[in-house]
Structures are given as structure tokens and as C-alpha cells.
Amino acid sequence: MSDWTMVTLQLRGKVRRLMQTTVMHQDTDALLARRRGDCNRCGACCKILFRCPFLGTDAEGQYTCRIYAMRFSQCRLFPLHAADLRELEEECSYTFEAESLHPAPGTAPEPALE
Ligand code: SF4
């Protein structure tokens with residue numbers, strides 16, 4: 001994937017997540033019900049497009065959010081869709097059930113696995 005393609009993908013994803021979580025007030029519980037796993041604190045989602053100024057590290061050198069208790073809803077709910085994972089430079093520890101029936105808005109359905 002070219003740098004420009006990745007930047008475009010990340011920009012669209014950021015805008016979509018912002019709209020989904022703050023404007024459209026989607027039923028995020030239903031979306032998150034398809035998400036599996038736990039956050040491994042890799043910090044990759046905090047570096048989409050730019051490094052978040054609130055991203056810090058703790059005493060063990062693990063990434064931490066300096067405004068965790070007040071973090072933005074699009075951060076708290078990341079990833080909402082499997083499509084969100086394509087924007088990351090590192091591998092997120094979350095996975096998703098197939099979303100072919102419910103793809104992220106503005107994204108093409110994922111091809112069926114053979
Ligand atoms: S990319 Fe995934 S595993 Fe890494 S910090 Fe974000 S939510 Fe957690």
C-alpha cells in the first residue's frame with residue numbers, strides 16, 4: 001500500500017469513527033459485541049495519521065494515555081470495525097467476527113475467506 005493510500009485510508013477512518021461515535025450516536029454496543037480479545041497497549045491506534053499528544057509511557061515503558069479517564073469516545077471504542085485494523089502500522093490484538101453483512105460505513109464488504 002502506498003503512503004498516500006494509507007494516509008487517505010487513515011483520514012477517512014478517523015472522520016468515520018468521529019462521526020459514528022459523536023454525531024451519529026450509533027449503537028456501539030452492537031458493534032463491539034463482534035469484537036474479540038483485549039488491548040495489548042501497543043499504542044498503534046494512537047499513532048494513526050499522527051502521534052497523539054496524550055500518548056505517554058509508564059514506568060515499565062508501556063504505552064499509556066495521559067487523559068485515559070477523559071479520553072475521546074473514538075479512542076475508547078477503537079477498533080469499532082475490522083476495517084479499522086487496516087489503518088494500523090502494527091498488529092492490534094483485537095479481532096472481529098466476519099462483517100460481510102455489516103461492513104463499516106463507506107467501506108467495501110470484506111471478501112469471504114476461502
Ligand atoms: S492498536 Fe489495538 S491493541 Fe494496540 S493499543 Fe490500539 S486497541 Fe490496543
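Remember, it's 1-based here, ligands and their atoms both numbered in the order they're listed. Any value given below was found using the heavy atoms of this structure, including those in side chains, with hydrogens, waters and symmetry copies removed. Along the sequence shown, residues carry numbers from 1.
If you check each of L88, L77, N40 against atom 3 (S) of ligand 1, the one with the closest non-hydrogen atom is N40. Between the choices C42, C75, C46, the shortest heavy-atom distance to atom 4 (Fe) of ligand 1 belongs to C42.
Here the protein heavy atom with the shortest distance to atom 8 (Fe) of ligand 1 is C39 SG, 2.3 Å. Protein heavy atom in closest approach to atom 2 (Fe) of ligand 1: C92 SG, 2.4 Å. Here the protein heavy atom with the shortest distance to atom 6 (Fe) of ligand 1 is C45 SG, 2.3 Å. For atom 5 (S) of ligand 1, the nearest protein heavy atom (residue, atom name, distance) is G43 N, 3.3 Å.
The pair D58-R66 does not count as a salt bridge, with every side-chain nitrogen at least 4.0 angstrom from each carboxylate oxygen. R17 has a carboxylate O that lies under 4.0 Å from a charged side-chain N of E87, or vice versa, which qualifies the two as a salt bridge.
Counting the atoms of ligand 1 from 1 in the order shown, those under 4.0 Å from a heavy atom of S93 are 3 (S). The atoms of ligand 1 that sit less than 4.0 Å from any heavy atom of Y94 are 7 (S).
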Exercise for review: Run the numbers on R36 and E97 for side chain to side chain contact (heavy atoms under 4.5 Å, CB included), then give the verdict.
Suggested key: CA-CA 8 Å; R36 300 286 178 264; E97 291 176 12; 2.2 Å; yes

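Remark: the backbone N or O of T57 is not paired with any side-chain donor or acceptor of T64 at under 3.5 angstrom.
D84 pairs in a salt bridge (charged side-chain N to carboxylate O under 4.0 Å, His left out) with only one of the listed residues (R35, R12, R16), which is R16.
For the pair R34 and F96, the cation-pi criterion (under 6.0 Å, within 45° of the ring axis) is not fulfilled.
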